[in-house]
Number of protein chains: 2
Amino acid sequence: MNTKNAVTLLASLAQEARLEIFRLLVQAGPSGLAAGDIASKLNIPTSTLSFHLKELTHAGLLNAAQAGRFIYYSAAFNIMDDLLGFLTENCCQGVQSCEPKLCNTQSNEKE
Amino acid sequence: MNTKNAVTLLASLAQEARLEIFRLLVQAGPSGLAAGDIASKLNIPTSTLSFHLKELTHAGLLNAAQAGRFIYYSAAFNIMDDLLGFLTENCCQGVQSCEPKLCNTQSNEKE
DNA sequence: GCATTATTTCTATATTTATGGAAATATAGA
DNA sequence: TCTATATTTCCATAAATATAGAAATAATGC
């Protein structure tokens, strides 16, 4: 992860429709949702939705999987994890005792 | 935290100069840095920097504190925490055993 | 009040991004 | 092959955003 990469990811989330799409898919979990389901749940015209799905997918935040006539989109949890890690990197110069919760975000045990 | 609010925060980070400013301040910790220090560390013209500091501050991601002729900017850790929480809300429909690390981000003990 | 330093506002220009209708493309089943 | 459904591409228009020089504002100490 580097600055340019992170900017692309953040920009892909920094738009109302796209953020709602992403959150919906975070909640849907790894199996994701078909594009049409997303369109109807969020009430977005399909051409507009397609534009936003492309943005998110190109950025790397969504995975797309074709299944027959449907395309299932799901959140790329690993990429999102990387982004959060990048944002909190070396928080407070690495001082462990630093108060902000942000500084402890990393402390979920390493894999 | 709601969608519009989160979009404002994400948009404020979705720009190379601003992301670098924010990360620099996350690393600097609660005491922050003076605007001029930020300008020289990141090599950004002061008028451009001022524009970006305003964006970040208006969004709520930075705090500004005047000290004599200097203005110290620092990261608003609590706002960032809220944003991360919003992004991961109800991850995988709340299923605790869900694999992605993202889903466990919240599990830093509550305050 | 004057000089110095820190920061912001103003301004114009250039660039990027969002929107949604209409048409095109893809997939599957009869 | 024909039809129905799912999704994307094309397009024009509208709106938002980034850049940095020059001028303005603020704070300090003499």
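Protein chains get the first letters and strands the later ones, always in sequence-line order, with residue 1 at the start of each.
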Please step through side chain to side chain contact (heavy atoms under 4.5 Å, CB included) for the pair Phe77(A) and Cys91(B), ending with a clear verdict. CA-CA 10 Å; Phe77(A) 293 97; Cys91(B) 187; 3.8 Å; yes
The nucleotide from dT7(C), dA20(D), dT8(D) with an atom nearest the side chain of Ile71(A) is dT8(D)
Is there a side-chain contact between Thr3(B) and Phe86(B) in this structure, where contact means two heavy atoms from C-beta onward sitting under 4.5 Å apart?
yes
Should the side chain of Arg69(B) and the base of dT4(C) be counted as holding a donor-acceptor pair, with the cut-off at 3.5 Å? yes
Rounded to whole Å, the CG-P distance (Asp37(A) to dA6(D)) equals 9 Å
Per atom distances to the Arg18(B) side chain, the nearest of dT8(C), dG21(C), dA18(D) is dA18(D)
Between CZ of Phe51(B) and P of dA23(D) the distance, given in whole Å, is 22 Å
Query - Steps toward side chain to side chain contact (heavy atoms under 4.5 Å, CB included) verdict (Leu49(A), Lys54(A)) - result: CA-CA 8 Å; Leu49(A) 178 70; Lys54(A) 190 162 103 179; over 6 Å; no
Rounded to whole Å, CG of Leu13(A) lies from C1' of dA18(C) at a distance of 16 Å
Ranking dG20(C), dA20(D), dT7(C) by distance to the side chain of Ser47(B), first place goes to dA20(D)
In whole angstroms, the gap separating P of dT9(D) from NE2 of His58(A) amounts to 8 Å
message = Taking any heavy-atom pair under 4.0 Å as a contact, classify Ala39(B): base, sugar-phosphate, or nothing.
response = nothing
query = Do Arg18(A) side-chain atoms and His52(A) backbone N/O form a donor-acceptor pair below 3.5 Å?
reply = no
In Watson-Crick or G-U wobble terms, with both distances under 3.5 Å, the base opposite dA27(D) is dT4(C)
On DNA chain C, more 5' by nearest nucleotide between Gly68(A) and Pro45(A) is Pro45(A)
Using the side chain to side chain contact (heavy atoms under 4.5 Å, CB included) rule, take Ile38(A) and Leu53(A) through it: C-alpha gap first, then chi angles, then the decisive distance, then the call.
CA-CA 10 Å; Ile38(A) 301 173; Leu53(A) 287 173; 4.2 Å; yes
If pairing means Watson-Crick or G-U wobble with both distances under 3.5 Å, then the partner of dA28(C) is dT3(D)
When rounded to whole Å, the CG to C1' distance for the pair Leu33(B) and dA6(C) reads 15 Å
Would you say Lys54(A) places a side-chain N or O within less than 4.0 Å of OP1 or OP2 belonging to dT7(D)?
no
Closest to the side chain of Ser50(A), out of dA22(D), dT8(D), dA18(C), is dT8(D)
Here the distance between atom C1' of dT19(D) and atom CD1 of Ile21(B), to the nearest Å, is 13 Å
### Message
What's Tyr72(B) touching, base or sugar-phosphate or nothing? Going by heavy atoms closer than 4.0 Å.
### Response
nothing
Is the distance from OP1 or OP2 of dT19(D) to the nearest side-chain N or O of Gln15(B) less than 4.0 Å? yes
To the nearest angstrom, the CG-C1' distance between Leu49(A) and dT19(C) comes to 13 Å
note: Leu56(B), atom CG; dT8(C), atom C1'; distance rounded to Å ~ 16 Å
If the cut-off is 4.0 Å, is His52(B) near the phosphate of dT17(D), judged by side-chain N/O to OP1 or OP2?
no
Self-check item: Short side-chain N/O contact to dT19(D) OP1/OP2 from Thr48(B), under 4.0 Å
Solution: no
Closest to the 5' end of DNA chain C, once Ala67(A) and Thr46(A) are matched to their nearest nucleotides, is Thr46(A)
Heavy-atom nearest pair, Thr46(B) first then Ala39(B), reads CG2-CB, 4.5 Å
